[in-house]
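For clarity, every value in this text was computed on a predicted model and none was experimentally measured. Naming: A, B, ... by sequence-line order, numbering from 1 per chain.
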Amino acid sequence: MNEIPNHYEPKEIEDRIYKYWQDNQLFSAKVNPAKKPFCIVIPPPNVTGILHMGHALNNTCQDILIRLKRMQGFASLWMPGTDHAGIATQNVVERQLAKEGLKRQDLGREKFLERVWLWREQYGLTIIHQLKKLGASCDWARERFTMDGEYSEAVKEVFIRLYQKDLIYRGNYIINWCPRCQTALSDEEAPHREVEGKLYYIRYPIRETRKGNIPDFIVVATTRPETILGDTAVAVNPKDKRYKNFIGQTVIPPLVEREIKIIADDMVDMKFGTGAVKVTPAHDPNDYALGKKHNLDFINIMNYDGTLNFSAGEYQNMDRFEAREAIIEDLNERKLFEKIEPHKHSVAHCYRCHTVVEPYLSWQWFVRMKPLAKPAIEAVKNSKIKFYPKRWTKVYLNWMENIRDWCISRQIWWGHRIPVWYCRDCGLKSGKIVEVKSGPPGYTTSYTILDPKPLVGYIRPDKCPDCNSANLLQDEDVLDTWFSSWLWPFATFGWPIQELKATQRTQELKYFYPTSVLVTAPEIIFFWVARMIMAGFEFIGKEPFKDVYIHGTVRDIEGKKMSKSLGNIIDPLEIIAQYGADALRFSLISITSTGQDVYLSEEKFELGRNFANKLWNASRFSLMNLDLSLVNIDLCVFFEKEKLELPERWILSRFYSILGRLNKALDNFRFNQAANILYEFIWHEFCDWYLELAKPILVTRSPGYQVTSQSKNTQIVLYKVLEKTLRCLHPFMPFITEEIWQKLRATSYLPAGRQASAGVTSIMTQPWPHIQKQMVDKDVESRMQLAIDLITAIRNLKSQVKLPQSQNVKVTIVVKDKKTVRILDETSKYISYLAKLDNLDIRSERPAGIKSISSIFKKTQVLLELEGVIDIEKEIEKLAREIGAITADLKSKESRLKNKEFLQKAPQEVIEREKELVTVNKEKLAASSKILDELKK
RNA sequence: GGGCGGUUAGCUCAGUUGGUUAGAGUAUCACAUUGACAUUGUGAGGGUCACAGGUUCGAGUCCUGUACCGCCCACCA
């Protein structure tokens, strides 16, 4: 086994192992009535996506669960796929076109879509390859794409069903418009960001003055002066005494040939600005409401691209921000500009291109959300669906209970086209379809359709039911990407086609739905999680998943979100190349506390790398010293644990102790805790103590080597613990555990007959270790712990006198307690070996006249005898300090034990422990004082 | 304006029903080194658990308030 390299080299191993898993279809999950299902649907990454640390964390969590459940005997399915990401993907392809000097309109819709599909074929699977690098054990045969033919049928089906239930409608409302992407956005797609804006105070001249005490203008405050051009009223609060006489007056908005009224409405906040507000119903949601209420005109002043339109008069074709500047200048000239104030406020931005979003009045399709939200609220309230950590429940419910209708139409080309047709003949004739040229000359005509009476269907209708015309026009818009992703947990199983074909697909949906856990980031709760829950109840009648695990956001070391524009990205693939996928996974998981954001820097991956290397070398050591023909799991003879030596019984007990804690942590999605339990066990128990104790038994050349009849047991126990530990670690570090396990498994040692029947073997398909309570022995653990503590105490003493640890010394342990003496008899050989002692003397009294330094540990006193080396003065000083500390501690404990309330109210075991400590401390104190006296002589 | 999270060692963070002397990783220092591993080993130093009150026999942990940092939501003209 000397050919095993003494450093773990992930590069050579990972690709080979991943191929082995795939070649043997180990990720595949099938309906199996004998097993319970466990299913996770992947949050489908965008086809434009490249793997970032957020993905790495997200998918590592999922892979841990999937691999764990697979080992635990579930039919464990991880459903993979990608999202077509309408706006994002269209933007990417448009940028590509721009390099060729083209716009999408130059190609036309069909050709453009061909280009997008081509792009998808070329680059769209990048992220899938990257997930494989990470070790994701998805059932790749099932990979889905939200634009797949089958999936698109599901989207259409859903649209039609909702339309038929009157849960989808078309209407002319103020929506969020991105002038750069030139499409409507949902509220969630237009997040608000705080900006340092300005508040402009502007004078609106009053047409006539009835009473002399009114000045000849009213001042309004606005952050968007360009919208003056669309003003159709000025509003004040009816309770506002300042403006009592203004109500009903006519004013002339600056720069506009128009007369508008001053109206009164409670909505106006008297404390803000001047208490008078300009009303632009076509460009502000509040003003829109006022406009409806007071029957105002709606004047749209803007083109799709954010330039001003013909309603803007001399400002036509100016960009909205240019126009703002120009207008302020002109107002200044006309003495209608009062003042300007800095004003912090939050402004909606496009979530794709970060352009400032414009509230824009337009015809769009909406989903009525209140009825859909009802069962989705119920399900979370009665814990049918649980959030981990719990606090997200409140966030979810708060959003759900205040849900607003969802704008689902997008004015882009890449996506599911809305399955709606209009009649061009009777529509145009009745003036309900208006043709508008929105772009520069030569561009495709776009249609503004005003008539909300569409023909909704699965396929294009032959003719118009009203006028029999075949001249039909399909709605130009496509659906919001999230209108397809919200169907992910069931559309990926072929819904609704499976309803028509009562095939295997139906069974699969029945078997795997509701899925088990959804693992995702908080940013996506509203976009996706909430909507999936609504869709699940609406279309399947059941929740889409039982648990929602929300992990934190990955940030850079300064707490900033990682993003390309900030240049603070740590590329997971580079980390994989440098440290290995296992190191990436383990590091990420260990430093991510449940639900807490992760602050990442590159050196944090050394944790995982070092750990992988440690495990590799511990295994290497084991493989060098194990007789695999003896210890192979299939040949393992039954052994009685009573016949084992203490270290063997100890490590077995420790393993089964941590297994319980590990299971509990995993059940509660405490991944970091689980990882730390394994790290601690492997490094600081298995390697630091057990392997060290096994050396003199296994390694002939080891200094303490002794032939013992126990060596066979040692081998078996070492093998067993290592093999089971590898299984426990496998979900976290799949590659290295498989590689070592295969070496350890050494199938060549299997008898010929067994080899053939064994078939494909992989740690992936091994059972998760079972709890064995009888192996946990707290008494064994405490006996071994005493030895460990004494060894540490001796090493500490050596360090105090600056002796190398390898220096053999004489030690006396003074102990009166008979039970402890017995334990020491059992463990003295381990203590002598690991603490490197020439001689270990166990006595009941401190030998008179020896010069030594000492350490007092519980009831035992450890003396290190070093003729001539001892610095008596220093030792006296140290003892005096110790005596002071013990005395103080004793004092507080004794007073606590005198406190009646403490004795009455504290649990018995706490009181016992305190009493015990008082006795121990008293003995310590006595011993220390005695030594002090002796030394002083 | 509302909600949520954070504040613990120089740094990054654990700490699950309140109970011995508050832990890890990392950095620092000392010592070690030829057979598992320098991606190592053995030790050491380093903390008023943000602050102020309160509940309790007992508070890093529970309650109230304050400060600072961060995030989310809201029709902040």
Inset, instruction - For A:Tyr396, check ring pair (Phe, Tyr, Trp, His ring centres under 6.0 Å) against everything at least two apart and list the hits. - result: A:Phe387

Legend entry - Mutual orientation of the aromatic rings belonging to A:Phe337 and A:Tyr200 [parallel < 30°, tilted 30-60°, perpendicular > 60°]: tilted

Legend entry - Under 3.5 Å donor-acceptor pair, A:Gln805 side-chain atoms to B:A30 base atoms: no

Inset, instruction - Return the set of residues passing salt bridge (charged side-chain N to carboxylate O under 4.0 Å, His left out) with A:Asp265 (not counting sequence neighbours), or none when no residue passes. - result: A:Lys293

Inset, instruction - Using the C1' atoms only, state how far B:G45 lies from B:U64, rounded to an integer number of Å. - result: 39 Å

Inset, instruction - Can you sort out the partners of A:Lys339 under salt bridge (charged side-chain N to carboxylate O under 4.0 Å, His left out), two or more places apart, ordered by chain and number? - result: A:Glu341

Legend entry - Options B:A36, B:G43, B:C76, nucleotide nearest the side-chain atoms of A:His343: B:C76

Legend entry - Residues that A:Phe671 engages under ring pair (Phe, Tyr, Trp, His ring centres under 6.0 Å), provided they are two or more places apart: A:Tyr549

For nucleotides 56-63 of chain B, give me every protein contact, N/O to N/O, under 3.5 Å, one pair per line with atom names.
residue, atom, partner, partner atom, Å
B:C57, OP1, A:Glu901, OE2, 3.3
B:C57, OP1, A:Lys905, NZ, 2.0
B:C57, O2', A:Asn899, ND2, 3.4

Legend entry - Which residues share a ring pair (Phe, Tyr, Trp, His ring centres under 6.0 Å) with A:Phe902, sequence neighbours left out: none

Inset, instruction - Summarise how protein sits on nucleotides 2-9 of chain B as a single string, 5' to 3': B when a protein heavy atom is under 4.0 Å from the base, S for sugar-phosphate-only contact, - for no contact. - result: -SSSS---

Legend entry - A:Lys386: partners by salt bridge (charged side-chain N to carboxylate O under 4.0 Å, His left out), with sequence neighbours left out: none

Legend entry - Test salt bridge (charged side-chain N to carboxylate O under 4.0 Å, His left out) applied to A:Arg391 - qualifying residues, sequence neighbours left out: none

